[in-house]
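Working notes for the structure below.
Model, not experiment: these values are computed from the prediction.
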Amino acid sequence: MSDQTVPVVVVDGDGRTELSVEPGRNLRRVLLDADLSPYAAATRRLNCGGRGLCATCGVRIREGPPPDHWHDRLAARFGYPRLSCQVTVDGPMTVELVDKRVWGSRESDEGD
């Protein structure tokens, strides 16, 4: 393991987990390795394996890199979760696992 790591805070409901992650790692892989699945129960086995095709590994990135994958740019624009499989951990970030009971739900705008 490298001596240089960056902090990744994962928020899951009321829980909060702090991870030390080597820069350059894939966020989906980091979450799975830490037993913090970005998937719903049904999609843990039925997914594209991190190729950015199925949109089932969505997370909300509260602090971190701007979107650079086409799906993530659209997701950010319309308030949908970003694909964890298309995010590289290059610096500190805060990630929120989304409630997967309603697949594809948008983030509500306060005051609307």
Review point. With sequence neighbours excluded, what pairs up with D90 under the side-chain contact (heavy atoms from CB on, under 4.5 Å) test?
Key: T88
**Study point:** Validation row: L31, L27 side chains within 4.5 angstrom (heavy atoms)
**Key:** yes
**Study point:** pair I61-T94: side-chain heavy atoms closer than 4.5 Å
**Key:** no
Practice item. Apply salt bridge (charged side-chain N to carboxylate O under 4.0 Å, His left out) to R25 and list each qualifying residue two or more places apart in sequence or on a separate chain. Key: D33
Revision key, fill the gap. Here the pair of heavy atoms bringing C85 nearest to C57 is N-SG, 3.5 Å
Review point. Under a single-linkage definition using a 4.5 Å side-chain heavy-atom cutoff for Ile, Leu, Val, Met, Phe, Trp and Tyr, are V11 and L19 assigned to the same hydrophobic cluster?
Key: no
Point to revise | Atom pair CZ/CZ of R82 and R73 - distance to nearest 0.5 Å | key: 10.5 Å
Practice item. Taking the side chain as every heavy atom from C-beta outward, state whether M93 and V21 have any pair of such atoms under 4.5 Å apart. Key: no
Check your understanding: V30 versus V10: any side-chain heavy-atom pair under 4.5 Å?
Key -> no
Check your understanding: Are L32 and P38 side-chain neighbours, meaning at least one heavy-atom pair lies under 4.5 Å?
Key -> yes
Revision key, fill the gap. In terms of heavy-atom contacts, G58 and V98 come closest through O-CG2, 3.5 Å
Study note, to complete from the structure: Of all heavy-atom pairs linking V87 and L83, the shortest is CG2-O, 3.4 Å
Check your understanding: Would V6 and V89 satisfy side chain to side chain contact (heavy atoms under 4.5 Å, CB included), going step by step from the backbone distance to the final call?
Key -> CA-CA 8 Å; V6 294; V89 178; 3.5 Å; yes
Practice item. Could you tell me whether the side chain of E63 reaches within less than 4.5 Å of the side chain of P92, counting heavy atoms only? Key: no
Review point. Taking C-beta and beyond as the side chain, do V95 and R60 meet within less than 4.5 Å on heavy atoms?
Key: no
Practice item. Quick one: list whatever passes side-chain contact (heavy atoms from CB on, under 4.5 Å) with D12, sequence neighbours left out. Key: L97
Practice item. State, without any angle test, whether R28 and Y39 hold a side-chain donor-acceptor pair at a distance under 3.5 Å. Key: yes
